[in-house]
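All remarks here apply to the structure that follows.
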Amino acid sequence: MSAGADATVGSPTPATPRRARLRRELAGLLALALATASCAFHEQSMLHPGGIQAARIERLWWTFFWICAVVWIAVVAALLVGLFHRGPRYREGERPPERERTLLRNVGAATMVTVVLLLGLLVGSVATGHSLTTLARPSALVVEITGRQWWWAVTYVDPVPGRRVDTANELHIPVGRPVLLELASPDVIHSLWIPNLHGKRDLIPGYRTRLWIEADRPGAYRAECAEFCGEQHAHMALWVIAEPPERFAGWLGAQAQQAATPTTSTLWRGRQLFEQKACSNCHTIRGTQASGKVAPDLTHLASRRTLAAGTWPNTRGHLAAWIADPQGPKPGNSMPAVDLSGDELQAIVAYLGSLK
Ligand code: CUA
């Protein structure tokens, strides 16, 4: 017997404690929903634009929202009046002509208003779509983004003459400069969505698509794959870091360097193990013998925020768990478990953790 049922014995209002608890729980849920909606999702929200295109999309969204809200309220009000207003009743075919005319006029007016509103929304939508494609400028930074099951390869083409910069799951861009993203996919259709900067754009096998973005303010924005692409579609995130131009130049310069040389015997051991074991068949670490091309470039892995395409924060513990059992937390991905002793695992984790 529950405490709630005991409390009802002999009480004139048996449901009161239960109702009060329900009310408290509902209020708590509402507060939680509001708090998460207003704080936690700023990093991945089209309602907090970080660039001019997202600002235009946000304006369109609010226009739709307010017009639809007013229409909804008007329709519900008309429905309530129809349900509860007791006007004169007439039999079939006995309605007076002036009443008939009023009805026709009202229906005609409502139809006209609907058509005008829909046309207005259509024009606004097309105009916004058009304005989003007019960012093209010759000073643009070009970045290739390849969507794969289930991570993002990011390549800066020729940032320093003769050098490419390959990284993964993290895109850095300078504030105030247009960026042209060249999008491709070698496997299935993915879709890149950086809500704070732009709308969605599909990555289609065998077909290049493009997306222009520009950030107006520094910030870290979370992007997601927005097209179902297999078992780990939900674990395919990309962080977009918009930073002041000098800071971005510093980051790009550091990324263009080869991997840090080990400074201790443990780090050397980690590097040798990485080169000898299966790791090097798939991953590249520039400046070492590891030159695999099918998995993320790890040359500066320790400089990134997350592991496994935004699945966890980039910490030693998560890295060790990820290498020890790649199929446990992200099943179906292409990374195989490599046979390593505890010592060997520690050495590899230490080495990868030194790759700033
Ligand atoms: Cu890639 Cu969903």
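Not measured: the values here are computed from a predicted model. When reading the values below, keep in mind they use all heavy atoms of this one structure, side chains included, and skip hydrogens, waters and symmetry mates. Read the numbers this way: they start at 1 and go in the same order the structure lists the ligands and their atoms.
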Worksheet entry | Atom name, His190 (N, O or S, nearest to atom 1 (Cu) of ligand 1) | ND1
Worksheet item: Taking it one step at a time, do Arg210 and Glu182 satisfy salt bridge (charged side-chain N to carboxylate O under 4.0 Å, His left out)?
Response: CA-CA 5 Å; Arg210 302 174 129 200; Glu182 299 263 12; 3.3 Å; yes
Worksheet item: Below 2.8 Å, any N, O or S contact between Glu227 and atom 2 (Cu) of ligand 1?
Response: yes
Worksheet item: For atom 1 (Cu) of ligand 1, does an N/O/S atom of Ser191 lie at less than 2.8 Å?
Response: no
Worksheet entry | Separation between SG of Cys68 and CD1 of Ile73, rounded to the nearest 0.5 Å | 11.5 Å
Worksheet entry | Donor-acceptor side-chain pairing of Ser341 and Asp343 below 3.5 angstrom | no
Discussion item. For the CZ atom on Arg208, are there more than 12 heavy atoms of other groups (residues, nucleotides or ligands in this structure) within a distance under 6.0 Å?
Written reply: yes
Discussion item. Just to confirm my numbers, could you give the angle made at atom 1 (Cu) of ligand 1 by SG of Cys225 and SD of Met236, rounded to 10°?
Written reply: 110°
Discussion item. Using a 6.0 Å cut-off, check whether atom OH of Tyr207 has over 12 heavy atoms from anything other than its own residue.
Written reply: no
Practice prompt. For atom 1 (Cu) of ligand 1, decide whether His233 has an N, O or S atom at a distance under 2.8 Å.
Written response: no
